[in-house]
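Every number for a ligand or one of its atoms is a count from 1 in the order of the listing.
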Amino acid sequence: MKQKVKLLCTISKHLALALIVLGFMAQVAQAQKKITSPQEFFGFGLGSDRKIARWDKIVDYYKLLGTESDKLKVIDMGPSTMGNPFLLVIISSPENLTNLDRLREVNAKISDPRGISEAEIKKLVSEGKAVICQSMSLHATEIGGTQMAPELTYDLVTRDDEETQRILNNVLFFLIPSFNPDGQIMVTDWYRKTVSTEYEGAGLPWLYHKYVGHDNNRDGDFLNMIESVYAAKIMYRDWPPQAYIDHHQMGSYGARFYVPPYCDPIRPYADPLIWREISWYGAHIAYKLEEAGKAGILNDAQYPGWGHFGWHWITPFHNIAGMLTESASARLATPLYIHPEQLRGGSRQFPAYEAQTSFPNPWPGGWWRLRDIVEQKKISAWALLDLAARNKETVLWNAYLKAKRQTERGAKGKPAAYVIPAAQHDPLTAVRMVNTLLLSGIEIKKARNDFIVDGVIYPEGSFLISLAQPKMGLIRNLLGQTHYADNEWTRGKDGSPLRPYDLATHTMNEFMGVRVDPINGAVNGDFQILTSQVPVSGKVETGGSGYVLDGRLNNSFKAVNLLIDKGISVWRVDKASSGIRPGDFIVPSGPEAVLREVAEQTGVDFKALKSELKEGTHKIKRMRVGMYQRYWGGNMDEGWTRFLLEQFSFPYTSLMDAEIKKGDLIKKYDVIILPQDSTGMITGEIGPRFRRRISSYPPEYRSGIGKVGVEALKAFVENGGTLVTLGGASSFAIEELGLNVSNAVANTSSQEFFCPGSTLNVTFENTHALAYGMPSEGLVLFWSSPVFEITPGEHNEDYETVVRYIERDILRSGWLIGEEHLSNKAAMVSAKYGKGQVILIGFRTQHRCQTHGTFKLLFNVWMR
Ligand SMILES: [Zn+2]
């Protein structure tokens, strides 16, 4: 009996327990049921063959998840370049998400611990959460990252295992599901248009961003694009993460997946811990991929630690362990079959497709699909979160150490600081540079009074940037003279130089033509720390006979464009007179309200003209300009130039092949610009390297002006038009128009002459109308540029050198081998041709909208 009762009791206990468990399970089921899976939402598994989820749907999915789960916060940072939402998704535990303000404060203090005691930091490290940022598909044809993101998010907010809970509790995950929403939409639409046709899987015929295409990964320093401005707000200022991954894809025929560490050389001035952290995270990610049975994983090769200043390569100088992953690509969402013998190495520290310590498990070949990419990406993204969650305190403590040590190095090092003097050739461009540096979270002070340092008096309004701050390494790279490494890591076995991944220098002030003085002495003065962007606002002086605008200011060109747009006539000074230089602009009259509005908008002062200028000026006839635009994936230099022209309000028309081939161009245009390009890309007679591309594009997207176009351009110039060729496009003009100009470095070997993306000293002929407003000497950016020699002919007088390399000590920053090949040679030439003119600008005058110091050489083409 007793036993029976006990048994009954036990049964009822079990029943009760079972009911509780059932109830709990039902609750869990209900809680989980509320969260829609990607499969349910999109109607297919992400990464399926021939399927791409489009950005608008992905945005909808995130918005839905935001209502279904309390483990994520979806933030619309604002519109992309073309007006699509740029999303930031913060994923963490509900407790952390309700405590974001405090956690942000903790993170900020750890990232910049100046004035905080170590005891206090220890408390903050224990209270804080690891901040990890990952961004997807910056390069829009590299679709895997964005396709993976919803699945990763779903797993994080629905899985309730220990590993997931640890991540949610210890990590604030900042996910940027698409760094390039516009490109994502373009590529998806293009793919859907071509799927099931013979062009399925072909690349996009134009840039996958309105302006910059692939170069959106070269904008982490200048922040020209709005998407970059959002990323800078997140990572450089509001929430400096401890680690960051930018997820990319690479070519199809090498390793399946690359993850850091980077190989050599590494760029100087980062805290050494950065490189150790990157190795540590990278090793864990590679390890987790091997553990999951993924083959073909490569690290410590291919991608050097000295790259461009896109996101994963600039963040280490913000003390962020900045990494990238690279998955081998399929053909967008179309699978690609790869034969074993098609697989190859041949990149830095990955000489052959064979097992090595950094590549122990070669992939054997076979089918390669989008789903493979999605899985690799997901494992790698998760592995980073997992490692940070397991080591939260180490990660935060190291963030403190990096910031502290960089500040100490800056305090002890030489130079100790940089001064940006108020007196500049173009002070408005200097302010623009200061404002860009502020967006990067650099601390800048402005002098309230004059101050003396190293025996130089700097006027009130000058800016001071101390290196005793956490972003010392960034400041040093952006503002200090830099020499690219020339050693075993940067030379091949035969001694020939290896091309750097990008430019050999990214010195901002040198590109912008802004004077920056390195200083060592003690600074005594009254300074104010800048807490917001420095405003500019020009003034209109009245009481004269019209107004004069300083032709040395880039913004004066914008002001003139705005005035002409409003029907106000502007004149240009050709001869110096009291206080007025060749190239200055004269505005005889105009409604004061309009002038004031333009002055305020551009920052340009309208100074009163003492007496009316009768001689030595000419009325500006703004040129009608066409700029060549082609397919073959688009031309980034063309896109950047469009962006630049729009920034400064220059009118232009994009000119495609069909219009050029039709001829009679002189009727519609005064000037035609050929952006940086190879002759083959312009004519369409492209070499074998691009043959494969030819067949992959539908015929209507195979561009090239052909022989007919060449003749049309010739006729245009002969009839009085001006042809402007930028960078390598100068070779097109030299070859096709038969100019008496040769390229002095066309036939040199790389051991004789090599200059990859460096700043070089030149003289500007600033009394020549094409160099109005320029200083007499300065820097230009040289990158695979032609160097001009005027060859002897009957009419040498028809050729003029506007910009010339100096005789010796030509290099400022970067890398230059064989300077004798440049010595005294022409960098920019103007040639008469028939009734018209050809202007050859060999160097990168408007490169990535960064080389503000030489913009005017292009702007002057309009203002004649
Ligand atoms: Zn990429």
Residues in side chain to side chain contact (heavy atoms under 4.5 Å, CB included) contact with Q647, at least two apart in sequence or another chain: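 For Q647, the residues satisfying side chain to side chain contact (heavy atoms under 4.5 Å, CB included) (neighbours in sequence not counted) are F643.
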Protein N, O or S atoms at less than 2.8 Å from the Zn ion (ligand 1), how many?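 The number of such protein atoms is 4.
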When you compare the side chains of S137 and H247, does any donor N or O come within less than 3.5 Å of an acceptor on the partner? no
Could you check whether R218 and H847, counting side-chain N and O atoms only, form a donor-acceptor pair closer than 3.5 Å? no
Side chains of residues 333-341: which donor-acceptor partners sit under 3.5 Å, not counting sequence neighbours?
unit_1 : atom_1 : unit_2 : atom_2 : d
T334   : OG1    : Y191   : OH     : 2.5
T334   : OG1    : E200   : OE2    : 2.7

Does anything in residues 222-235 form a salt bridge (Lys or Arg N to Asp or Glu O under 4.0 Å)? List the pairs, not counting sequence neighbours.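 Salt bridge (Lys or Arg N to Asp or Glu O under 4.0 Å) check on residues 222-235 returns K233-D238.
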Check against salt bridge (Lys or Arg N to Asp or Glu O under 4.0 Å), K402 and E277: CA-CA 11 Å; K402 283 179 287 182; E277 286 182 316; 2.6 Å; yes
